[in-house]
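In what follows, chains are A, B, ... by sequence order, proteins preceding strands, each numbered from 1. Just the heavy atoms: all of them, side chains too, but no hydrogens, waters or symmetry mates, feed the values below.
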Protein chains: 4
Amino acid sequence: MHYGKDIGGDAMDFDLARPIYQQIIDEYKKKLIRGELRQGDKILSQREYAEKARTNPNTVQRAYREMENMKLVETVRGQGTFVCIAPEQLELIRNEMAGSVIELCVSEMKALGFTEQEIRVRLEQVLVNAKEVITDDRV
Amino acid sequence: MHYGKDIGGDAMDFDLARPIYQQIIDEYKKKLIRGELRQGDKILSQREYAEKARTNPNTVQRAYREMENMKLVETVRGQGTFVCIAPEQLELIRNEMAGSVIELCVSEMKALGFTEQEIRVRLEQVLVNAKEVITDDRV
Amino acid sequence: MHYGKDIGGDAMDFDLARPIYQQIIDEYKKKLIRGELRQGDKILSQREYAEKARTNPNTVQRAYREMENMKLVETVRGQGTFVCIAPEQLELIRNEMAGSVIELCVSEMKALGFTEQEIRVRLEQVLVNAKEVITDDRV
Amino acid sequence: MHYGKDIGGDAMDFDLARPIYQQIIDEYKKKLIRGELRQGDKILSQREYAEKARTNPNTVQRAYREMENMKLVETVRGQGTFVCIAPEQLELIRNEMAGSVIELCVSEMKALGFTEQEIRVRLEQVLVNAKEVITDDRV
DNA sequence: GTGGTCTAGACCACA
DNA sequence: GTGGTCTAGACCACA
């Protein structure tokens, strides 16, 4: 018996993990958006990153190369990789990421049969709950 | 090749794929919530599911067994597996799944530096956009 | 060789061996009830148990996982499995196990045609005999 | 890796199923004790029994042979196997079986840490419960 | 055909 | 070292 992917036909597909190089890019995008990394900052060398993350240097290289294509960073040979992003570009990415987060949320909620109004209500509940937790901690 | 899994230290962690057996459970939960499966319905046999999804029957069995522990289904040896869930239990799962979807959304938005008010605004934008798309289609 | 498993009809059934994973669970339940294992104790790792019992680690894992579902133990990845049971839960299991032992006894005695009064008498005989054996040993 | 029984040492042993030929003997003993089979009755031929129980004829033969050794039955070549047991012998078996049932029960209860008095009390509970169930059914 | 148990073993994350 | 997931496949009872 085998359950090979090669037969073709109407197989169901399981969600795979997001590729590591994309996870690396996402991580940097978040740092940029949160201001933890700013224009001109030097980021980890590919080798350093690969060691810290215990991942394949080639994977890191792919991530860095794509970030360069996206105009997020610039690599100077012999010196390293530096943040290099225009403020408007940053704002664009911020909007893009927020958009995909919320769109995913809405589409999943609708797939569960929730109406728009229910989604609003549930969002409020979560926001209020989060506040109460903080308040509790303060007390 | 390995990249120092044995060195110890503060490695970064990447998101892994959700285990297949849990993806199977999630899929059934969604079908239950959306009413595509109802009390008494026979679900795919373990072998059928394994063939369709091209996965190992043992993996499917684990999913089905856990669904039985969760009181979602009942299994009759030699006959198959049947939906068996109390309406209140169903409502509970619906709330649970909705909660985790929205909580994930909120925590990611906050990690991107969005305030609660901004989250509300962006949600509205997405909801309105969705409607416009529908309207556009109609026209 | 086969003896007509495919003919259908009213075959007699023989008792099968209790599944190994259930025997493992029973063993642990007994140790908990007798106080040989207490709250917080680390139990054998899955591999250790499998080696000692010369069984497959997967079988042990199934037993441990079900014990976790029953809230008898808690598992910490990379560390091991630990007893974690509330006293009331322990008392429940004690009652449950005692109940099934005595119910089995009573049903078998009745199947042999013994009346309730005869069962009581025979129980007394066995209890008294047991005591005499002890007394004999002392002498 | 293998988990072979051939290494020797302090392996735990799991309970195996009671051998089928003994289960066959037990079944006949019970029928004799309950009076469902009496002196002179013809029992199933070995071939018939093997078919009904879907078991190996050799297994049935072993059971019948041992029953003959125990003086429970007699086989007449060309005619079949017949119950052939003295009333005192029957009474002996009855006592023997009852004894082993109750001894097993007592030893298991003591292994669970129950005192003799507790065993008596629990027996009463089960006997009383059984009666109530019957009463409920009548109503 | 259905589900249930078990073995054997690969590969992984976590510590 | 720990547990977690998954595959592959044998063999079984039940219908």
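Rounded to whole angstrom, the span from the CD atom of C/Gln46 across to the C1' atom of F/dC6 amounts to 15 Å. For B/Met67 and E/dG3, the CE to C1' distance is 13 Å, given to the nearest whole Å. Taking atom CD of residue B/Glu68 and atom C1' of nucleotide E/dG3, one finds them 10 Å apart after rounding to whole Å. One interatomic measurement links the two molecules: CG of C/Leu16 to C1' of E/dG3, which rounds to 14 Å at whole-angstrom precision. Rounded to whole angstrom, the span from the CZ atom of C/Arg65 across to the C1' atom of F/dG3 amounts to 11 Å. Atoms CZ (A/Arg54) and P (E/dC12) sit 15 Å apart, rounded to a whole Å. Here E/dA13 presents its P atom at 18 Å from CD of C/Gln79, a figure rounded to the nearest Å. Rounding to whole angstrom units, CZ of residue C/Arg77 and C1' of F/dG3 are separated by 6 Å.
Between C/Lys42 and B/Gly78, the residue whose closest nucleotide on DNA chain F is further toward the 5' end is C/Lys42.
Residue side chain C/Arg47 reaches the base of F/dG3 through a donor-acceptor N/O pair under 3.5 Å, judged by distance alone.
Electrostatic pairing of A/Glu51 and A/Arg47 counts as a salt bridge here, judged by a charged N lying under 4.0 Å from a carboxylate O. Salt-bridge formation is not detected for the pair C/Glu48/C/Lys52: no Lys NZ or Arg NE/NH1/NH2 atom is positioned less than 4.0 Å from an Asp or Glu carboxylate oxygen. A salt bridge is defined here as a Lys NZ or Arg NE, NH1 or NH2 lying under 4.0 Å from an Asp or Glu carboxylate O, and C/Glu66 with C/Arg62 meets this definition.
Relative to the side chain of C/Thr59, the nucleotides E/dG4, E/dT7, E/dT2 differ in distance, and E/dT7 lies closest. When each of F/dG3, F/dC6, E/dT7 is scored by its nearest atom to the side-chain atoms of C/Thr81, the top-ranked nucleotide is F/dG3. Closest contact between the side chain of C/Asn58 and the listed nucleotides E/dG4, F/dT5, F/dG3 involves F/dT5.
When the side-chain nitrogen and oxygen atoms of C/Gln22 are compared with OP1 and OP2 of E/dG4, none of them lie within a distance under 4.0 Å. In this structure, B/Ser45 reaches the E/dG3 phosphate: one of its side-chain N or O atoms is under 4.0 Å from OP1 or OP2. Contact annotation: C/Tyr21 reaches the phosphate of E/dT5 (side-chain N/O to OP1 or OP2, under 4.0 Å). Between C/Gln61 and F/dG4 there is a side-chain N or O to OP1 or OP2 distance below 4.0 Å. OP1 or OP2 of E/dT7 has at least one side-chain nitrogen or oxygen of C/Thr55 nearer than 4.0 Å.
Between B/Tyr49 and B/Tyr64, the side chains place no donor N or O within less than 3.5 Å of an acceptor N or O (distance only, hydrogens not considered).
Contact annotation: the side chain of C/Val73 never approaches that of C/Cys84 to less than 4.5 Å [non-hydrogen atoms, C-beta and beyond].
Counting any heavy atom pair closer than 4.0 Å across all strands shown, C/Arg62 reaches sugar-phosphate atoms only and no base atom.
Taking a pair to require two hydrogen-bonding distances under 3.5 Å in either a Watson-Crick or a G-U wobble arrangement, E/dG4 pairs with F/dC11.
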